[in-house]
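Worksheet: the structure to be examined is printed underneath.
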Amino acid sequence: MNARLIVDRDFVVSELDRRIFGTFVEHMGRCVYGGIYEPGHATADEDGFRGDVLELTRELGTTIIRYPGGNFLSGYNWEDGVGPADKRPVRRDLAWFSTETNQFGTNEFMKWSKKANIEPMFGVNLGTKGADEARQFLEYCNHDGGSALSDLRKEHGFEAPHDIKFWCLGNEMDGPWQICHKTAEEYGRVALETAKVMRWVDPTIQLAACGSSHRNMPTYGSWEYQVLDHCYDEVDFISLHTYFNNHGDSAAEYFGVIELLDAFIKEVAAICDAVGAKRRSHKKIMLSLDEWNVWYKTHKIENMRVPGWPEAPKLIEEVYNTEDALIVGGALIAMLNNADRVKVACLAQLVNVIGPIMTETGGDAWRQTIFHPFALASKHGHGRVLKSVAESESYSAKTFPEIPYLYATVIDNPADGTTTVIALNRSLTDSMEVEVELRGLGTDRELVHATELHHSNLKAVNTKDAPNTVAPKANKDVTINGERMTVRLKPASFNVITTKATPVGNA
Ligand code: AHR
């Protein structure tokens with residue numbers, strides 16, 4: 001099959017906000033305990049942080065991490081997780097019916113963030129709590145000193161403020177499963193007032209209001225409109241959450257979810273703009289896709305709850321296969337092509353709980369299949385996303401009426417002269433010869449790398465004993481001719497190809 005991909009140096013979607021490569025750590029299952037934190041593990045450091053997980057987190061290239069939930073957030077008392085560890089209360093967590101020991105909390109996460117080299121993204125509990133708790137928590141975290149709560153932080157051993165810039169105003173407040181779920185009217189008012197007082201405490205923060213938990217929610221669309229009608233002037237972002245599934249067990253249908261994500265993003269941006277237009281506002285609300293991933297094999301109630309209020313039980317430990325990795329890669333392409341609106345996104349979650357990293361408590365850590373497209377995109381995704389025109393044959397599916405086989409994005413990095421093509425071949429049977437035209441990006445180009453993620457078995461997985469079954473390899477099928485490049489993409493493959501303009505005088 002032949003296809004074309006065309007970009008022009010002067011046609012830019014947006015600068016790429018690196019926060020698009022975010023992930024998520026929730027107090028759920030073995031994400032914190034047995035995931036990032038496991039005192040006594042052979043690789044644990046003096047703070048009890050697993051060294052193997054820290055290393056893989058850095059390799060994943062995640063830039064910002066959302067914490068501490070998730071549904072957990074809506075019943076969380078931040079005060080339980082600070083101060084001397086032996087004085088912290090043990091609580092029953094009503095989100096996941098688990099016992100929370102609170103041995104890991106805000107200050108531990110901040111310490112871990114520094115070691116992982118990521119930006120923290122926190123949430124305030126707007127389920128059982130509200131504006132008062134939110135302003136106090138923010139004062140504890142971000143105020144220099146000289147007030148009761150900032151001095152309490154110092155007493156807890158953290159002299160300098162944490163300076164957390166990005167805050168979520170609750171979690172999935174549209175969902176009836178949420179602890180203290182709210183209507184759009186109720187939540188819109190609470191979000192407005194909470195945002196207002198949080199900004200008074202720290203005017204430098206960015207705030208995200210909860211959008212819909214899913215595009216299929218019955219309140220989708222009206223929820224975003226009503227919430228923003230209240231808090232448009234006080235918030236910077238609205239969130240979107242989405243989890244993809246292959247319930248129909250058809251890879252061709254599954255690829256359609258990527259188109260649905262693109263539609264979701266564009267619809268939410270349009271709703272934000274409708275609220276803005278009604279107010280005659282020049283402000284644009286940006287999108288925070290702060291929970292997304294493949295999640296369906298472990299989506300039953302028994303995967304989410306273990307009887308007997310256990311500590312850190314195994315919950316939703318989804319094992320990812322080749323086709324899931326292709327979907328994750330495709331979703332990243334969709335976000336990149338909408339980089340003018342999607343400024344933050346969090347693959348949910350980081351470790352064990354629907355995570356790209358899997359561990360054994362007391363044992364090894366390894367990369368799941370979905371680790372690879374994320375790590376590749378983050379490593380090579382720097383600069384400006386260009387408007388690309390992709391021409392290829394397409395097919396029709398129940399998930400989406402027209403699915404082009406070629407799905408791609410192009411990122412140009414003027415800082416180092418590189419241009420990266422990220423491309424998915426959605427044909428299950430045919431390889432694809434793509435002619436790429438990089439107009440105006442330099443006639444003399446050299447190949448930096450061409451990497452493909454492909455496995456002939458779409459159900460192949462990585463395990464503790466065979467951790468590299470699905471892993472990136474070099475693609476040798478690339479030729480460069482001036483501004484043009486021809487690359488052959490294997491069927492059902494995710495590809496990242498970087499070329500570099502040769503500076504004049506270097507020939
Ligand atoms: O990521 C798992 C859960 O999915 C989160 O806690 C919740 O926000 C979402 O429904």
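Ligands are counted one by one from 1 in listed order, and the atoms in each one are counted from 1 as well.
- Within ligand 1, counting atoms from 1 as listed, the ones closer than 4.0 Å to a heavy atom of Phe24 are 1 (O).
- Geometric assessment of Arg153 against the ring of Phe158 yields a negative cation-pi assignment under the 6.0 Å and 45° thresholds.
- In Phe72, neither the side chain nor the backbone holds a heavy atom less than 4.0 Å from any atom of ligand 1.
- For atom 3 (C) of ligand 1, the closest non-hydrogen atom of the protein is Glu291 OE1, 3.8 Å.
- With respect to the salt-bridge test (charged N to carboxylate O, under 4.0 angstrom), the residues Glu234 and Lys196 do not qualify.
- For ligand 1, the atoms lying closer than 4.0 Å to a non-hydrogen atom of Glu172 are 7 (C), 8 (O), 9 (C), 10 (O).
- Taking the centre of each ring, Phe264 and Tyr220 come in below the 6.0 Å mark.
- Here Phe122 and Phe166 keep their ring centres 6.0 angstrom or further from each other.
- Residue contacts with ligand 1, taken as heavy atom pairs separated by less than 4.0 Å, do not involve Val353 at all.
- Residue contact check for ligand 1: Trp96 places a non-hydrogen atom closer than 4.0 Å to it.
- Of all protein heavy atoms, the one closest to atom 2 (C) of ligand 1 is Gln349 NE2, 3.5 Å.
- Of the protein's non-hydrogen atoms, Glu26 OE1, 2.6 Å is the one closest to atom 6 (O) of ligand 1.
- Here the protein heavy atom with the shortest distance to atom 1 (O) of ligand 1 is Tyr243 OH, 2.9 Å.
- Under the side-chain hydrogen bond (donor to acceptor under 3.5 Å, both in side chains) test applied with Tyr140, the options Glu79, Arg135, His156 reduce to a single match, His156.
- A 4.5 Å side-chain heavy-atom check between Leu332 and Ile422 finds every atom pair outside the cut-off.
- Between the side chains of His241 and Asp290, at least one donor-acceptor pair of N or O atoms lies under 3.5 Å.
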